[in-house]
Amino acid sequence: MRRDLANPRLLRVLNERRLLDQLHEHGPASRADLAKSTGLSKPTVSAALAGLAEDGLVHLVGEVSGRPGPVSSLYDVNAASTHVAGIDIGRDWIRVAVADLRGTFAGRTDGRNTARTSAELAALVGELARAAAREAEVEWRSITCAVVGSPGVYDPVRGGLDFAPNLPGPPDLADRLHAALGVDLVIENDINLAAVGEHVHGAGRGKANFALVSIGTGVGMGIVINGELYVGARGAAGEVSYIPAAEDPPASAPPAVPFAQDADFLAHDGDPFTHGATEAATSAPGVVRAARAAGLELETAREVFAAAAEGNEAARSVVEAEGRRIGGLLVAVAAVLDPEVIVLSGGVGRNLDLLGASVERRIAELGPLRPRVVASALGDSGVLLGAVAHAKARAWDLIFDARKH
């Protein structure tokens, strides 16, 4: 017998986890039903439920009658016993949600990202997080864990964020977030979390293999393989902004300006070294640059797409060219991953009603691969939903790790 399985405390915790997983997935059940579905004995189920109820993790939610035998008590997860937080840090907006153990939002706060330094950004995240906790009527310090979705790739060894030119520097944001939030914290790439959100709530639900390509302020991809998020050897899988573009801007040396570039500079910076050739051409700032080159005095990609929808020919030409760039990128994705579906998200990507025809034409021109392409239906909440799902899963692990000791 394995030594760990001879540990009575560990066996008890394993049984408790088995019961909670069953309740979490299938909802309220009686002790007899739980014994049948888990294969545990009725005395084992009763003992495990008693321990979980004593610690507030399960509670009675009703009774079942009208069948042979005594009335049966129904148990369910006490979702409000623990809360987690999801945080989405974007260049323009910061979104925070506090949720229970079923992932139901109890409080949410969105705020403009006005920060120009990493210190200001961490402080703003802390303020919004505590505001979301107040709305949820919980103390922030009681949050079991928080998951932050941020552009870039987090290096846990060095504690820094790489490939995050759209955030204000210097690159010490991770340390500042840990200090500002003061709870168990995980930092993950925002597009990876958007893929998690899509897998749980959106077009990726039920799909074992799919990709989410986000085109907005930046360009990125989240990958799900065999039902699991794939991040690669160093967390950089999906950094498609650095794929060479068919219309590469002239190559440049690393920028002479410091890493701590301000938001105004970043909004108009098309440098392919810093942002990647595909992002420089295909992102929202790239769309705006193309529109201005076409003689349109427009400030945002949203305005370009609105003008195209109203029939402006110059704007329609810009959108046509954007769709062709996206189509080329999606063929590259399909050739490498062969996903069941590619989900387009982001402020630019989800305009599939306007982009779809040119995307399809470009895909048809490039060969026999025909990926299925759909727009995300999660709007601006994809990263937040993924962050909460990630935080919820981590919370379960933290709860049961603590119960082993």
Side-chain angles (χ1 to χ4, degrees), residues 88-94 112-116 151-152 163-168 190-191 194 213-221 239-252 255 257 261-330 344-359 362 375-376 379-380 383:
D88 172 16
I89 298 177
R91 196 192 72 186
D92 297 322
W93 288 89
I94 300 169
R112 279 281 185 184
N113 185 354
T114 57
R116 299 177 70 84
F163 312 123
N166 291 323
L167 291 180
D190 54 352
I191 309 305
V213 175
S214 176
I215 302 172
T217 301
V219 175
M221 178 170 68
E239 290 294 323
V240 292
S241 60
Y242 294 97
I243 289 179
E247 302 169 8
D248 286 351
S252 68
V257 295
Q261 304 169 69
D262 66 37
D264 290 332
F265 175 79
L266 289 171
H268 302 286
D269 178 25
D271 174 54
F273 187 94
T274 302
H275 295 269
T278 288
E279 180 170 306
T282 311
S283 65
V287 171
V288 173
R289 283 192 296 273
R292 289 179 178 173
L296 297 170
E297 294 298 323
L298 300 175
E299 298 295 325
T300 67
R302 185 189 299 270
E303 292 176 3
V304 176
F305 280 95
E310 292 169 1
N312 182 288
E313 286 302 322
R316 290 172 70 89
S317 294
V318 170
V319 170
E320 168 76 18
E322 174 71 359
R324 291 179 63 80
R325 284 190 289 271
I326 294 172
L329 174 61
L330 300 188
L344 278 179
S345 71
V348 172
R350 60 176 172 258
N351 290 286
L352 203 55
D353 54 336
L354 294 171
L355 291 165
S358 56
V359 168
R362 184 57 176 155
S376 173
D380 294 328
V383 176

Who passes salt bridge (Lys or Arg N to Asp or Glu O under 4.0 Å) against D92, sequence neighbours left out?
-> none
Is the backbone of P151 close enough, under 3.5 Å, to the side chain of R91 for a donor and an acceptor to pair up by distance?
-> no
Once you round to the nearest 0.5 Å, how far does CG of L354 lie from CZ of F305?
-> 6.5 Å
Mind checking what makes side-chain hydrogen bond (donor to acceptor under 3.5 Å, both in side chains) contact with S376, not counting sequence neighbours?
-> E198
State, to 0.1 Å, how close S358 and V319 come at their nearest heavy-atom pair, and which atoms those are.
-> OG-O, 4.0 Å
Can you list every pair that meets salt bridge (charged side-chain N to carboxylate O under 4.0 Å, His left out) and has a residue in residues 300-312, with sequence neighbours left out?
-> none
For the residue pair A277 and P244, what are the closest heavy atoms and their distance?
-> CB-CA, 4.4 Å
Which pair of heavy atoms, one from R362 and one from R324, lies closest together, and at what distance?
-> CG-O, 3.1 Å
Quickly, which of V219, T282, V359 forms a side-chain contact (heavy atoms from CB on, under 4.5 Å) with L329? Name it, please.
-> V219
Identify the residue among N351, V318, V348 that makes a side-chain contact (heavy atoms from CB on, under 4.5 Å) with V304.
-> V318
side-chain hydrogen bond (donor to acceptor under 3.5 Å, both in side chains) partners of E320, counting only residues at least two apart | R361
Taking only residues two or more places apart in sequence or in another chain, which ones pass side-chain contact (heavy atoms from CB on, under 4.5 Å) with L296?
-> A291, L298, N312, A314, A315
Quick one: list whatever passes salt bridge (Lys or Arg N to Asp or Glu O under 4.0 Å) with D88, sequence neighbours left out.
-> R95
All side-chain contact (heavy atoms from CB on, under 4.5 Å) counterparts of S214, not counting sequence neighbours | I191, L212, S345
Short side-chain to backbone donor-acceptor contact, N113 and G90, under 3.5 Å | yes
Mind running side chain to side chain contact (heavy atoms under 4.5 Å, CB included) on I326 and V213 for me, showing each step along the way?
-> CA-CA 10 Å; I326 294 172; V213 175; over 6 Å; no
Distance in Å, R325 CZ paired with T278 OG1, rounded so as to fall on 0.5 Å steps | 10.0 Å
With a 4.5 Å limit on heavy-atom distance, are the side chains of D190 and I89 in contact?
-> no
Taking only residues two or more places apart in sequence, or in another chain, which ones meet T114 in a side-chain contact (heavy atoms from CB on, under 4.5 Å)?
-> R112, L124
State, to 0.1 Å, how close S283 and E279 come at their nearest heavy-atom pair, and which atoms those are.
-> OG-O, 2.7 Å
Which residues pass the side-chain hydrogen bond (donor to acceptor under 3.5 Å, both in side chains) test with R316, sequence neighbours left out?
-> none
Heavy atoms, side chains only, cut-off 4.5 Å: are I215 and E322 in contact?
-> yes
